[in-house]
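Inspection log for the structure reproduced underneath, given as structure tokens.
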Amino acid sequence: MTLELFNTLTGKIEPLYASDGKALRFYCCGPTVYDYGHIGNFRTFLHVDVLRRSARLFGMKLHHVMNITDVDDKIIRNASAAGQSIGDYSAKFEKAFFEDMDALGVERPEDVPRATENINEMAALIERLAAEDIAYKAEDGSWYFRIARDSEYGKLSKKDFEGIEDGARVSVDEYDKDAARDFALWKATKPGETSWQTALGQGRPGWHIECSAMAMKYLGNSFDLHAGGEDLMFPHHENEIAQSECATHQPFARHWFHVRFLLVEGKKMSKSEGNFYTLRDLLLKGYRASAIRFLLLSVPYRHQLNFTFDGLTESTNAVDRLRTFHTRVRDGKWPERASNGAAIAEVIRTGEEKFLAALGNDLNTAEARAAIFDVLRAVNTAADHGNFTSSNAEATLALLAKFDSIFAVLEDRDADLTRAALAWAKAEGRLDEADPQVIEKFGEAGLSDADIDALVAERTQAKRQRNFARADAIRNDLLAKGILLEDSKDGVRWKRA
RNA sequence: GCACCGGUGGCGAAGUGGCUAACGCGCUGGUCUGCAAAACCAGUAUUCGAGGGUUCGACCCCCUCCCGGUGCUCCA
């Protein structure tokens with residue numbers, strides 16, 4: 001079975017493979033750490049995570065690189081407003097970014113280089129371009145890329161630049177450029193701004209050059225795949241290609257992967273629309289990290305996803321069903337033999353085939369999850385009818401492990417993650433942003449697991465004495481506090497609703 | 001304005017030129033239960049934005065229109 005992906009560069013679905021026969025070398029444009037990440041950012045990183053996990057499931061080894069942009073205009077502006085050095089300022093948001101990625105179950109790339117630690121590589125790359133007069137220095141000391149020298153410019157975004165007159169849209173002389181579309185490689189700095197002394201002069205790198213320099217440093221001049229949000233296609237990725245290929249005269253990335261933007265409640269997410277959410281905002285409202293992950297993955301990466309609170313509730317319920325099912329299969333006592341164990345074995349086998357085929361077909365996560373729910377229903381039915389054996393259970397658990405190696409929602413870390421978000425809000429003096437019910441359930445005054453276990457035991461005792469009034473009172477109290485009880489043959493299970 | 005993407009049941013969302021239009025959530029009835037929850041069973045789109053066309057046959061191909069979204073500028 002092969003993993004095929006749409007390639008923006010060619011406009012076709014093509015097999016993904018490691019061209020060096022060893023590891024899939026891929027680069028993903030990482031965050032600019034100037035603020036907390038929002039769910040739009042995370043949709044991209046989540047789908048890149050699915051790509052990475054799928055590549056591994058299809059047998060590939062990985063060398064995944066993601067940069068951290070820790071110097072840029074916004075960081076400089078915000079750090080100075082906060083009275084901090086850009087190093088301290090960006091370090092705070094880099095840490096927060098990875099906490100959020102962990103909360104969402106996103107794996108760490110193999111290498112995560114920072115822009116500020118690769119200034120020399122960037123300067124060296126610009127010098128190579130300068131040697132061929134493709135890069136030129138403007139009067140203010142900034143360096144630009146001469147687009148006129150790149151006949152292939154626009155091949156990724158398929159833009160037609162013929163009709164666009166130089167200077168028609170931007171005032172050229174403001175930027176001291178030879179042509180309006182020439183883009184900055186190196187920015188001369190204003191006094192007081194953080195800057196680096198290099199052969200290019202005193203200054204700081206442009207945004208695009210970062211990714212070219214770091215991608216090639218870790219992955220070589222040519223590598224397998226480059227990923228990012230759809231907005232990066234132009235100009236960022238186009239410029240990366242131009243710089244890199246003009247410098248090395250070799251193809252840059254073979255395969256380009258772009259994740260579409262999401263909508264929030266039907267509109268583009270923006271602060272002015274009031275529909276802008278960070279992960280932390282949602283956790284403080286009481287939504288679970290696992291539901292957010294599942295929702296963001298439930299629509300394939302090339303389709304627009306409309307993120308809604310109803311959708312979040314739906315995903316919460318769907319994840320619950322999967323977890324309940326997983327627990328049932330794992331903890332149940334299943335017989336060695338059953339009259340119809342072979343039939344369900346076949347259902348599990350075809351379910352796995354469908355699951356892998358769906359992922360292999362341009363990462364169709366919607367179909368992949370449907371395949372798992374097909375198996376879920378069939379197994380529940382078989383189990384209810386005594387047609388489910390211990391070896392069927394093993395096969396089901398193996399399939400669920402494969403499912404979870406992509407979706408990563410079965411393990412329940414939600415309550416801990418919500419508590420961590422509350423602790424953060426408290427430390428930042430932002431506890432007022434949390435839903436009061438969330439504070440009640442998960443805050444320091446909330447019930448601990450031990451408290452709940454004690455109440456559950458008391459209820460079991462009451463039930464044994466047929467004191468149903470007391471038993472139901474305990475159950476209702478717990479429910480009011482967001483704890484849901486489930487009686488079963490094997491005892492009482494509880495979960496946080 | 002130019003370009004691109006989408007419009008499938010109450011909601012979300014797959015999908016294919018021809019088998020009963022996946023799957024999830026929700027809802028209704030039933031089984032189980034002291035009652036619930038979980039689980040299961042049954043039901044929940046004669047129909048895929050509208051109108052034309054191509055075809056033996058279209059939700060899927062072509063044209064027109066309507067609606068929503070996105071890009072063309074910093075943005076995941």
Side-chain angles (χ1 to χ4, degrees), chain A residues 11 28-32 34-35 37-48 72-74 157-161 163-164 169-170 181 207 227-236 258-263 266-271 276 291 294-296 298-308 310-325 327-328 332 354 358 361 364-385 463 466-469 471-472 475-476 478-479 483-490 492-495 497:
Chain A
C28 171
C29 291
T32 300
Y34 69 98
D35 204 345
H38 60 252
I39 54 176
N41 295 312
F42 291 121
R43 162 132 128 131
T44 297
F45 295 120
L46 241 9
H47 278 282
V48 171
D72 93 316
D73 293 346
K74 285 189 285 265
S157 53
K158 291 154 187 83
K159 287 193 181 303
D160 177 13
F161 294 105
I164 299 170
R169 308 175 57 240
V170 212
R181 301 203 77 93
W207 173 40
E230 63 167 333
D231 58 306
L232 298 185
M233 204 164 94
F234 183 86
H236 184 55
H258 291 103
V259 180
R260 280 205 84 174
F261 268 2
L262 57 69
L263 263 36
K267 293 211 165 116
K268 182 172 175 175
M269 179 168 65
S270 73
K271 284 182 178 164
F276 182 96
F294 203 60
L295 175 57
L296 291 174
S298 64
V299 176
Y301 76 95
R302 280 209 289 148
H303 290 272
Q304 207 162 48
L305 160 73
N306 186 11
F307 186 96
T308 64
D310 285 348
L312 224 30
T313 303
E314 176 197 317
S315 292
T316 304
N317 294 340
V319 169
D320 262 343
R321 178 134 95 115
L322 289 163
R323 286 178 179 169
T324 302
F325 174 68
T327 308
R328 178 183 194 190
K354 283 185 188 166
N361 180 21
N364 191 334
T365 45
E367 243 183 50
R369 63 169 254 191
I372 295 304
F373 277 103
D374 281 337
V375 172
L376 178 149
R377 250 180 307 102
V379 165
N380 269 330
T381 303
D384 277 6
H385 295 199
K463 272 179 65 178
R466 302 196 68 76
N467 182 356
F468 294 119
D472 289 352
R475 186 173 64 197
N476 289 335
L478 285 171
L479 186 61
I483 313 297
L484 203 69
L485 301 194
E486 287 174 17
D487 293 340
S488 79
K489 291 191 286 293
D490 309 318
V492 184
R493 278 193 299 271
W494 61 263
K495 60 190 182 193

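These values consider heavy atoms only, across backbone and side chains, with no hydrogens, waters or symmetry-generated copies. Everything quoted here is computed from the prediction, not taken from an experiment. So you know, we letter chains A, B, ... as the sequences are listed, proteins then strands, and number each from 1.
- Candidate nucleotides C25(B), A14(B), C75(B) were compared by shortest atom distance to the side chain of Glu314(A), and C25(B) ranks first.
- Here the side chain of Asn317(A) is nearest to one of A39(B), G26(B), G69(B), namely G26(B).
- For Thr324(A), whose side chain is taken as the heavy atoms from C-beta onward, the closest listed nucleotide among A36(B), A38(B), C23(B) is A38(B).
- On the P atoms, G17(B) is 31 Å away from G71(B), given to the nearest whole Å.
- The shortest distance between the side-chain N/O atoms of Ser488(A) and the OP1/OP2 oxygens of A39(B) is not below 4.0 Å.
- In this structure, Arg43(A) contributes its side chain and Arg260(A) its backbone to a donor-acceptor pair below 3.5 Å.
- The shortest distance between side-chain heavy atoms of Phe276(A) and Ile39(A) does not fall below 4.5 Å.
- Within 4.0 Å (heavy atoms only), Asn364(A) reaches sugar-phosphate atoms of the nucleic acid but no base atom.
- Paired runs in RNA chain B that reach 3 or more consecutive Watson-Crick or G-U pairs, where each pair keeps both distances under 3.5 Å, cover B:1-7 with B:66-72, B:10-12 with B:23-25, B:26-31 with B:39-44, B:49-53 with B:61-65.
- Inter-residue side-chain proximity for Val48(A) and Leu46(A) is flagged as unmet; no heavy-atom pair is nearer than 4.5 Å.
- Between Asn467(A) and G34(B) there is no side-chain N or O to OP1 or OP2 distance below 4.0 Å.
- Comparing C4(B) with A42(B), their C1' atoms sit 45 Å apart, to the nearest whole Å.
- Counting heavy atoms from C-beta on, the side chains of Arg321(A) and Phe373(A) come closer than 4.5 Å.
- For the pair Arg302(A) and Arg493(A), both in contact range of RNA chain B, the more 5′-proximal nearest nucleotide belongs to Arg302(A).
- Taking side-chain N and O atoms only, Arg321(A) has a distance below 4.0 Å to OP1 or OP2 of G24(B).
- Checking A14(B), U73(B), A76(B) against every side-chain atom of Arg181(A), the shortest atom distance belongs to U73(B).
- Comparing Glu230(A) and Ala469(A), the nucleotide of RNA chain B nearest to each residue sits closer to the 5' end for Ala469(A).
- Relative orientation of the Tyr301(A) and His47(A) rings is tilted, given thresholds of 30° and 60° on the angle between their planes.
- At a cut-off of 3.5 angstrom, counting only N and O atoms as typed in the model, there is a donor on one side and an acceptor on the other between the side-chain of Arg475(A) and the base of C35(B).
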Start with the C-alpha gap between Glu486(A) and Trp494(A), add the side-chain angles, then the distance that decides, and say whether side-chain contact (heavy atoms from CB on, under 4.5 Å) holds.
CA-CA 6 Å; Glu486(A) 287 174 17; Trp494(A) 61 263; over 6 Å; no
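- Centre separation under 5.5 Å together with a plane angle under 30° does not hold for the ring of Phe42(A) and the six-membered base ring of A76(B), so they are not marked as stacked.
- Regarding contacts with the backbone of C40(B), a side-chain N or O of Asn380(A) is found under 4.0 angstrom from either OP1 or OP2.
- Taking all atoms of both residues into account, the shortest heavy-atom contact from Ser157(A) to Phe234(A) is OG-CD1, 3.5 Å.
- Shortest non-hydrogen contact noted between Arg328(A) and Asn380(A) is NH1-OD1, 2.7 Å.
- Taking the C1' atom of each, G15(B) and U47(B) are spaced 15 Å apart, rounded to whole Å.
- Under 3.5 Å, the side chain of Asp472(A) and the base of G34(B) form at least one donor-acceptor pair of N or O atoms.
- The side chain of Arg377(A) places an N or O atom within less than 4.0 Å of a non-bridging phosphate oxygen (OP1 or OP2) of C23(B).
- The nucleotide whose nearest atom lies closest to any side-chain atom of Ala370(A) is, among C23(B), A76(B), A14(B), C23(B).
- Looking at the side chain of Lys268(A), the nearest of the listed nucleotides C75(B), C40(B), C25(B) is C75(B).
- As rounded to the nearest Å, C2(B) and U64(B) have P atoms that lie 13 Å from one another.
- Distance check on atom P: C67(B) versus A50(B) gives 15 Å, rounded to whole Å.
- Counting any heavy atom pair closer than 4.0 Å across all strands shown, Pro300(A) reaches sugar-phosphate atoms only and no base atom.
- Among the heavy atoms of the strands, none lies under 4.0 Å from Asp72(A).
- For Trp207(A), counting side-chain heavy atoms from C-beta on, the closest listed nucleotide (A36(B), A76(B), C75(B)) is C75(B).
- In this structure, Arg328(A) reaches the sugar-phosphate backbone alone: every heavy-atom distance under 4.0 Å involves primed, P, OP1 or OP2 atoms, never a base.
- Taking the C1' atom of each, G18(B) and A13(B) are spaced 24 Å apart, rounded to whole Å.
- Rounded to whole Å, the separation between the P atoms of C25(B) and C48(B) comes to 26 Å.
- Here the nucleotide nearest the side chain of Phe234(A), chosen from C72(B), A38(B), U70(B), is C72(B).
- Of all nucleotides listed (C5(B), C23(B), A76(B)), C5(B) comes nearest to the side chain of Arg260(A).
- Residue contacts for Phe373(A): at a heavy-atom cut-off of 4.0 Å it reaches the sugar-phosphate backbone alone, with no base atom in range.
- When the P atom is compared between G9(B) and C60(B), the two are found 15 Å apart, to the nearest whole Å.
- Counted within 6.0 Å of NZ on Lys354(A), heavy atoms from surrounding residues, nucleotides or ligands total 12 or fewer; the atom is thus considered open.
- Among the nucleotides G69(B), C40(B), G34(B), the one closest to the side chain of Gln304(A) is G69(B).
- Using a 4.0 Å heavy-atom cutoff across all strands shown, Leu232(A) reaches sugar-phosphate atoms only and no base atom.
- Across Lys495(A) and Thr324(A), no two heavy atoms sit closer than the pair NZ-OG1, 3.5 Å.
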